[in-house]
Amino acid sequence: MDRRQFLKIFGGTAVASSTLLAACKKSDGQQKTLAERQEPPTDKMTMRVNPNTNDKVSLLGYGMMRLPIEGGGNPRENPDADYDQEMINKQVDYAIAHGVNYFDTSPAYCRGLSERCTGIALHRHPRDKYFIATKMSNFSPDTWTRESSIEMFENSLKELQVDYIDYLLLHGIGGDSRYLDSEETFNARYMDNGILDWLVEQKKKGRIRNLGFSYHGDVEIYDMLLKWHDEGRYHWDFAQIELNYLDWEWADEINDRNTDASYLYAELEKRGIPAVIMEPLLGGRLANVPDPVVAKMKQREPESSVASWAFRYAGTPKGVLTVLSGMTYMEHLRDNIFSYAPLKPISKEENDFLMEVAEDIYNLKTIPCNECNYCMPCPYGINIPAILAHYNKCIKEGNIPHVEEEQKKHMEAAEYRRRRRAFLIGYDRSVPKLRQANHCIQCGQCSPHCPQRIDIPKEMRRIDEFTEALKREGRL
């Protein structure tokens, strides 16, 4: 990307990084991040204006998809745990006090409890202090009837304890054309039952203030909806897309069924449709980059967290309304507030640096799982996200032993045994044996629900074969 193209997309306000201040040292010798040393300001949140409603929206949006659980553990590792409403209230209060006013939820999140928990937390604040985004999440065929979809919308109002929705999205348009024709699925969810027209009527009545969609899947459906916008058939007030420095140019290289964020954003920008950004961290993958990449980032910006690079990148394009983050823990919330209070836009030089980082990450060939849990529950009890997360973690940490003889020749025997042991022991610790990949029967029920369009049965088979090959190598 040349400088002229960069400034056109990311805006003329992008400036070079300022000189770093001296920082305290951690016990491991690394400098502490700003968020670890200071309390974020309460009055510096960068705000963006929605041109349709003149809403002043916080650049940081709170994604209510990974809520804190009782005991403070990791909700991905304990998916059946009760949600900690007291902590949810505390974090929502903190967010609002620091300028965050956009809260994104769905009837499908957190085992169907996200809207309820969000409603309880937000209802304690004046209604004009926050914007609520929720979705028509009628994924299952038994919710495709007009009556079921209307019931879903009315229940969202009830659970959220509001009379209107600020931002209503058609959830996950596009489907997965490998399993079911995407346009057929879209029509069944929104057109054949008249629900899209019904939602337009609700907007006219004031029960919806902004109507848009979130995009996962077939780009032909994305293009079709934007064509409708151009023709005046339907007006989209906003659209939610995945955008981060890895997906900007590498999305279709990582998975040829995905679409580069550069295309998705440009199509919205030229129509003046505000973009809401999801997955700025790719489900946490860009906060847990390979160790050599961490070292490069820390050398360049010792005070900045690895995650802050991704948030600054996602928030820099001028057409972005808000950037969503599923902030389970208070420390994540504090760090993200620092990234946007105020935003320091990514400079051209920093953009070039992040494109190099993206290429480094791409070359590791990790599986593009965002741990969104849309593939769960598996009817056979397999913990799909945990299996993929362990595999990716071992790649990140350099603990993938190669079993091919030619590759083993180039690795010292002791190092090979170390990697093999780390992979196998870590696998058993991360995933109970009855929930590991060897129990996958290749039913394929998971893949149609994957936003990243991963061929999950294929990956389960590949990881299982890899694991079994390591086990045949001998004792640990």
Side-chain angles (χ1 to χ4, degrees), residues 63 65-67 69 73-83 106-114 135 137-144 171-172 174-180 182 185 189 216-217 242 254-255 257-258 278-279 282-285 326 328 366-395 423-471:
M65 181 174 149
R66 298 185 179 104
L67 300 177
I69 59 175
N74 188 337
R76 294 170 175 171
E77 297 175 357
N78 193 1
D80 298 322
D82 292 332
Y83 293 102
S106 160
Y109 293 166
C110 300
R111 308 195 310 273
L113 297 173
S114 175
K135 306 172 181 73
S137 305
N138 55 348
F139 296 118
S140 175
D142 61 10
T143 63
W144 291 353
H171 195 180
D176 193 328
S177 57
R178 291 176 298 160
Y179 296 92
L180 189 63
S182 295
T185 304
R189 292 177 65 190
H216 295 289
E242 183 173 304
I254 295 171
N255 188 324
R257 288 176 290 270
N258 286 347
M278 58 184 166
E279 299 296 350
L282 268 178
R285 288 168 61 204
T328 306
T366 55
I367 301 169
C369 173
N370 294 349
E371 298 183 61
C372 65
N373 287 315
Y374 283 9
C375 59
M376 298 294 282
C378 167
Y380 298 94
I382 297 168
N383 193 335
I384 298 166
I387 293 167
L388 299 182
H390 173 69
Y391 186 82
N392 285 340
K393 179 174 182 288
C394 287
I395 290 178
F423 182 91
L424 292 175
I425 291 179
Y427 190 28
D428 286 343
R429 288 175 176 173
S430 301
V431 188
K433 288 184 180 295
L434 292 178
R435 306 193 72 183
Q436 292 181 0
N438 60 318
H439 292 281
C440 175
I441 69 164
Q442 303 287 300
C443 71
Q445 292 188 40
C446 48
S447 290
H449 303 291
C450 177
Q452 298 302 316
R453 312 180 87 179
I454 300 168
D455 188 339
I456 296 173
K458 177 182 177 181
E459 296 296 348
M460 291 296 103
R461 182 172 62 250
R462 183 170 69 86
I463 292 173
D464 178 45
E465 291 172 352
F466 177 75
T467 303
E468 291 303 313
L470 291 181
K471 290 179 178 178

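It should be emphasised that the depicted structure is a prediction, and the values quoted were computed from it without experimental measurement.
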Nearest-0.5 Å distance that lies between atom CD1 in I456 and atom SG in C369: 7.5 Å
Distance flag, aromatic centroids of Y391 and Y427, threshold under 6.0 Å: no
Sequence-distant partners of S430, side chain to side chain contact (heavy atoms under 4.5 Å, CB included), two or more places apart: H390
Beyond-backbone contact of E459 with I454, side-chain heavy atoms, under 4.5 angstrom: yes
Partners passing side chain to side chain contact (heavy atoms under 4.5 Å, CB included) against P107 (at least two apart in sequence or in another chain): E115, T134, S137, M152, S156
Spatial distance of atom SG (C394) from atom CG (L424) [nearest 0.5 Å]: 9.0 Å
Pairs satisfying salt bridge (charged side-chain N to carboxylate O under 4.0 Å, His left out), at least one member in residues 429-441, at least two apart: D428-K433
Distance in Å, C372 SG paired with E279 CD, rounded so as to fall on 0.5 Å steps: 7.0 Å
Counterpart residues, side-chain hydrogen bond (donor to acceptor under 3.5 Å, both in side chains), relative to D82 (two or more places apart): none
Pair H216-M278, side chain to side chain contact (heavy atoms under 4.5 Å, CB included): steps then yes or no: CA-CA 11 Å; H216 295 289; M278 58 184 166; 3.4 Å; yes
Minimum side-chain heavy-atom gap C375-P385 below 4.5 Å: yes
Flag, side chain of R189 to backbone of N138, donor-acceptor distance under 3.5 Å: yes
Side chain to side chain, Q445 and P379, heavy atoms closer than 4.5 Å: yes
Heavy-atom side-chain proximity of L388 to M460 below 4.5 angstrom: yes
Set of residues satisfying side chain to side chain contact (heavy atoms under 4.5 Å, CB included) with respect to A386, sequence neighbours excluded: N383, V431
C440 and D464, any side-chain heavy atoms less than 4.5 Å apart: no
Side-chain donor/acceptor of S114 to backbone N/O of S106, under 3.5 Å: no
Nearest heavy atoms of F139 and G172, plus distance in Å: CE2-CA, 4.5 Å
Pairs meeting criterion side-chain hydrogen bond (donor to acceptor under 3.5 Å, both in side chains) with involvement of residues 372-382, two or more places apart: H171-Y374
For the student: nearest non-hydrogen atoms of P75 and L67, plus distance: CG-O, 3.9 Å
Stepwise side chain to side chain contact (heavy atoms under 4.5 Å, CB included) check, Y109 with K135: CA-CA 10 Å; Y109 293 166; K135 306 172 181 73; 3.3 Å; yes
Exam field: side chain S447 to backbone D455, donor-acceptor pair closer than 3.5 Å: no
Distance-minimising heavy-atom pair for I367 and R462: CD1-NH2, 3.5 Å
Counterpart residues, side-chain hydrogen bond (donor to acceptor under 3.5 Å, both in side chains), relative to K458 (two or more places apart): none
I463 backbone acceptor or donor facing T467 side chain under 3.5 Å: yes
OH-CD1 distance between Y83 and I69, expressed to the nearest 0.5 angstrom: 8.0 Å
Residues which pass side chain to side chain contact (heavy atoms under 4.5 Å, CB included) with E465, listed by chain and number, not counting sequence neighbours: R461
